[in-house]
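The structure appears right after this line, and notes come after that.
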Amino acid sequence: MGRPKSEKERKGGMKAIILVGYDDSRLRPLTLFKPKPLIEFGNKRIIDHQLDALVEAGVRHVIVAATYTFQGVELEKGLKAFVLKNQIKLTVSVETEPLGTAGPLALARKYLEGDSEPFFVLNSDIICDFPFKDMLEFHKNHGCEGTIAVTKVEEPSKYGVVTYDDKGQIGSFMEKPQEFVSNKINAGLYILNSKVLDRIELRPTSIEKEIFPVMAASQQLYAYELKGYWMDIGQPKDFLTGMCLYLQSERQKPDTKLKFKTGAGIVGNVLMDDSVKVGSNCRIGPNVTIGKDVVIKDGVCIKRCTVLSGSKIGSHSWLDNCIVGWNCKISNEVYLINGAILGESVNVYPRVTNNGGRVYHGAL
């Protein structure tokens, strides 16, 4: 394990602030039981994907911007083991009122200002390859106040798009353009110099609409193009789409650390914890993740699904394009399809069909 890092060593390195956000209703019922960052995605909590990449890029102090006290307490408790293992500093900054996407930076000013090194900012419900090292090199090369990651989308008219020149210098932001001007959008990952904090007041403020356009007008903002996949997984259909993209991306990496399942009844990309028990004549995949201590009885078919830890799936049930929460009990011959989502400890009676419904708790 090596010697523990000293206080001086722990204070070194870069900083990052993760914006958790106030609205967690899109991913209910899962967010009724855990803050969104602590929900498992690809058998690892959403925030752990981000934290692992930040630590690898040299971040030693992470500020988590929570929007209410319970969220902050649960995040601090949930991240304690990660902090101890990686010997980093964690600060939970809790808002007394919703401050938007820029206000939390002003609230955390005392932790961020004064450093010669820039700091990372990221939204908590983003999943991608997190190329923080490459972003940092790009940022230092252009020498201006800010860098935002951008990603390509197929239908730019649904988003606010970013225009920039061949060197990456941002010229403008346009909200949902009806005529094509760009197919690049803000990906929710930033690197900022501490000087940017002088532009932000401690009040509800949008970094996208109030801060970045001013920086762009001052020629102080650059765009870094993401080369891999990207998804905002803050709602169920995008959570599942992001899962498919994540599994495909990881499977293609020659140095992936994930152990994909193979064998009889396994189709395509399947990520399954070693503790999972699977009966006979099952078909699992493609694009499935199954968490710890899940029990799958005979003749079950599961595809394009996430099944979280402790759940039990009865024989000859069919799960397609759905999310099963923690410790659920699904009886025999159940159909969960078309975006169905179960919360925690939901009991589903035999031969029930759930076609896209959300079940928070209790029985179905």
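Linking ILVMFWY residues whenever their side-chain heavy atoms come closer than 4.5 Å, directly or via other members, places Val55 and Ile47 in the same cluster. Linking ILVMFWY residues whenever their side-chain heavy atoms come closer than 4.5 Å, directly or via other members, places Val83 and Met14 in the same cluster. When hydrophobic clusters are built by joining Ile, Leu, Val, Met, Phe, Trp and Tyr residues whose side-chain heavy atoms come closer than 4.5 Å, directly or via intermediates, Trp230 is grouped together with Phe120. Hydrophobic clustering of Ile, Leu, Val, Met, Phe, Trp and Tyr side chains at less than 4.5 Å, counting indirect connections, keeps Val214 apart from Phe173. In this structure, Val267 is not a member of the same hydrophobic cluster as Ile284, with clusters built from ILVMFWY side-chain heavy atoms closer than 4.5 Å.
Within 6.0 Å of CG in Asp166 there are 12 or fewer heavy atoms belonging to other residues, nucleotides or ligands. The number of heavy-atom neighbours closer than 6.0 Å to OH of Tyr335, taken from other residues, nucleotides and ligands shown, is 12 or below. The local environment of NZ in Lys152 is sparse, with at most 12 non-hydrogen atoms from other residues, nucleotides or ligands closer than 6.0 Å.
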Kindly indicate, with the supporting measurements, whether the criterion side chain to side chain contact (heavy atoms under 4.5 Å, CB included) is fulfilled by Phe212 and Asn186.
-> CA-CA 11 Å; Phe212 286 161; Asn186 180 347; 4.1 Å; yes
Begin from the C-alpha positions of Arg199 and Glu145 and carry the test side chain to side chain contact (heavy atoms under 4.5 Å, CB included) through to its verdict.
-> CA-CA 11 Å; Arg199 300 179 180 271; Glu145 290 182 20; 2.9 Å; yes
Verdict with supporting geometry, Leu51 and Asn86, side chain to side chain contact (heavy atoms under 4.5 Å, CB included) | CA-CA 10 Å; Leu51 290 173; Asn86 292 277; over 6 Å; no
Check against side chain to side chain donor-acceptor pair (under 3.5 Å), Asn355 and Asn338 | CA-CA 6 Å; Asn355 187 354; Asn338 293 335; 2.8 Å; yes
Determine, stepwise, if the pair Leu136 / Lys133 fulfils side chain to side chain contact (heavy atoms under 4.5 Å, CB included).
-> CA-CA 5 Å; Leu136 181 59; Lys133 289 182 179 179; 5.8 Å; no
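Between the side chain of Arg109 and the backbone N or O of Ile200 there is at least one donor-acceptor pair closer than 3.5 Å. Within the 3.5 Å criterion, the main-chain N or O of Pro131 finds no donor-acceptor partner in the side chain of Asp129. Of the possible polar contacts, one joining the Ser317 side chain to the Ser331 backbone as a donor-acceptor pair under 3.5 Å is found. A donor-acceptor distance shorter than 3.5 angstrom exists from the side chain of Gln50 to the backbone of Ile126, with no hydrogens or angles considered. Glu210 places a side-chain N or O within donor-acceptor distance of the main-chain N or O of Ser206, the cut-off being under 3.5 Å. In this structure, Arg45 contributes its side chain and Gly78 its backbone to a donor-acceptor pair below 3.5 Å. Judged by distance alone, the side chain of Asn321 and the main-chain N or O of Ile337 form no donor-acceptor pair under 3.5 Å. Checked by atom type and distance alone, the side chain of Lys15 pairs as donor or acceptor with a backbone atom of Tyr111 at under 3.5 Å. Judged by distance alone, the side chain of Thr289 and the main-chain N or O of Thr306 form no donor-acceptor pair under 3.5 Å. In this structure, the side chain of Arg358 does not engage the main chain of Leu27 through any donor-acceptor pair within 3.5 Å.
Considering only heavy atoms from C-beta on, Ile39 stays 4.5 Å or farther from Phe33 through its side chain. You'll find the side chain of Thr151 reaches within 4.5 Å of the side chain of Leu226, heavy atoms only. Two residues are said to be in side-chain contact when any heavy atoms from C-beta on lie closer than 4.5 Å; Leu75 and Pro37 meet this criterion. In this structure, Ser182 and Met174 have side chains that are not in contact, with every pair of non-hydrogen atoms separated by 4.5 Å or more. At least one side-chain heavy atom of Trp326 sits under 4.5 Å from a side-chain heavy atom of Lys34. Proximity of Ser194 to Leu112: side-chain heavy atoms (C-beta onward) are nowhere separated by under 4.5 Å.
Residues Thr205 and Glu201 have side chains that never bring a donor and an acceptor to within less than 3.5 angstrom of each other. Side-chain contact annotation: Ser315 with Asn332, donor-acceptor N/O pair under 3.5 Å present.
Sequence neighbours left out, the pairs with a member in residues 266-292 that pass salt bridge (charged side-chain N to carboxylate O under 4.0 Å, His left out) are Lys261-Asp274.
The minimum heavy-atom distance linking Gly285 with Val270 is given by the pair CA-CG2, 3.7 Å. Here the closest non-hydrogen pair linking Ser172 and Thr163 is OG-OG1, 2.6 Å. Shown here for Ala216 and Gly171, the closest heavy-atom pair between the two residues is CB-O, 4.5 Å.
Taking the six-membered ring wherever Trp is involved, the centroid distance between the rings of Phe239 and Phe41 falls below 6.0 Å.
Applying the side-chain hydrogen bond (donor to acceptor under 3.5 Å, both in side chains) rule to His139 yields the partners Thr147, Asn193; only residues at least two apart in sequence or on another chain are considered. Every residue two or more places apart in sequence or in another chain that forms a side chain to side chain contact (heavy atoms under 4.5 Å, CB included) with Thr241 is listed here: Met231, Leu245, Arg304.
Between Asp52 and Lys44, at least one side-chain N (NZ, or NE/NH1/NH2) sits under 4.0 Å from a carboxylate O, which counts as a salt bridge. Of the charged side-chain nitrogens involved, at least one lies within less than 4.0 Å of a carboxylate oxygen, so that Glu117 and Lys140 count as a salt-bridged pair.
For the side-chain hydrogen bond (donor to acceptor under 3.5 Å, both in side chains) criterion with Tyr222, the lone passing option out of Gln169, Lys167, His142 is Gln169. Checked options Val307, Val324, Val348, Val295; the residue passing with Ile313 is Val307 (criterion: side-chain contact (heavy atoms from CB on, under 4.5 Å)). When each of Tyr190, Tyr164, Phe138 is tested with Tyr224 by the rule ring pair (Phe, Tyr, Trp, His ring centres under 6.0 Å), just one qualifies, namely Phe138.
In this structure, His49 and Tyr246 have perpendicular ring planes: the angle between them is above 60°, well past the 30° mark.
To the nearest 0.5 angstrom, Glu250 atom CD is 4.5 Å from Leu258 atom CG. Here the CZ atom belonging to Arg203 is positioned 11.0 Å from the CD atom belonging to Glu97, to the nearest 0.5 angstrom.
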